[in-house]
Engineer: 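Encoded as structure tokens, here's the structure I'll be asking about.
Being a predicted model, the structure only gives us computed values, none of them experimental.
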Amino acid sequence: MTIEVLCNGVPLADPHLAVVRLKNSGRHAIASEQFDQQRALEIDLNASVVELLSAEADQHGTIIGACAVSGATVSFGPELIKKGEEIILTALVEGAPTLDVRDHFVDVQLKPGITDSPAAIAFVAQRLLASAGAAGGAALVTAIASLLS
């Protein structure tokens, strides 16, 4: 069986779905003022972003307006990230994604999360099924998983 992925009628040679999870696991909210010089968080997927499919924050709903795409990079912010808030960005990319994050935060420590773990891949599969049917002490955790290799 062959599966073909098209975007606007154009076939993709090596499509992947990249899901990036950002979570404020710190004790405080990350205020928009903590993005140094109003520079966005840059999430480089190292694969051409065909389309940003969704951007959601569990406490805000859709936040796609706070995101921008340029080549292989999705930028987010500057936006308030509440304590405990999780942000999920889903992108269709051409090529196998890897994750590089450039941040310009003031008083926020960026920590990498688990990459390509079975739990992360299960999370991606769950998201696919769901979408097919319908400051001091602050920290931000990132993780990525890819599917459809």
Engineer: Answer yes or no: is there a side-chain heavy-atom contact under 4.5 Å between Leu12 and Leu92?
Structural biologist: yes
Engineer: To the nearest 0.5 Å, what is the distance between CD on Glu56 and CD1 on Ile63?
Structural biologist: 8.5 Å
Engineer: Taking the side chain as every heavy atom from C-beta outward, state whether Leu41 and Leu22 have any pair of such atoms under 4.5 Å apart.
Structural biologist: yes
Engineer: Show the atom names and distances, to 0.1 Å, of all donor-acceptor pairs under 3.5 Å that link a side chain in residues 64-84 to residues at least two apart or in another chain.
Structural biologist:
none

Engineer: Go through Val50 and Val10 one step at a time and tell me if the side chain to side chain contact (heavy atoms under 4.5 Å, CB included) criterion holds.
Structural biologist: CA-CA 11 Å; Val50 176; Val10 178; over 6 Å; no
Engineer: Please list all pairs meeting salt bridge (Lys or Arg N to Asp or Glu O under 4.0 Å) that have one or both residues in residues 39-54, counting only residues at least two apart or in different chains.
Structural biologist: Asp36-Arg39, Glu42-Arg102, Asp44-Arg102
Engineer: When rounded to the nearest 0.5 angstrom, what is the spacing between OG1 in Thr90 and CG in Leu53?
Structural biologist: 6.5 Å
Engineer: Between Glu94 (side chain) and Ala13 (backbone), is there a donor-acceptor pair under 3.5 Å?
Structural biologist: yes
Engineer: Has His16 got a side-chain atom pairing as donor or acceptor with Asp14's backbone, closer than 3.5 angstrom?
Structural biologist: yes
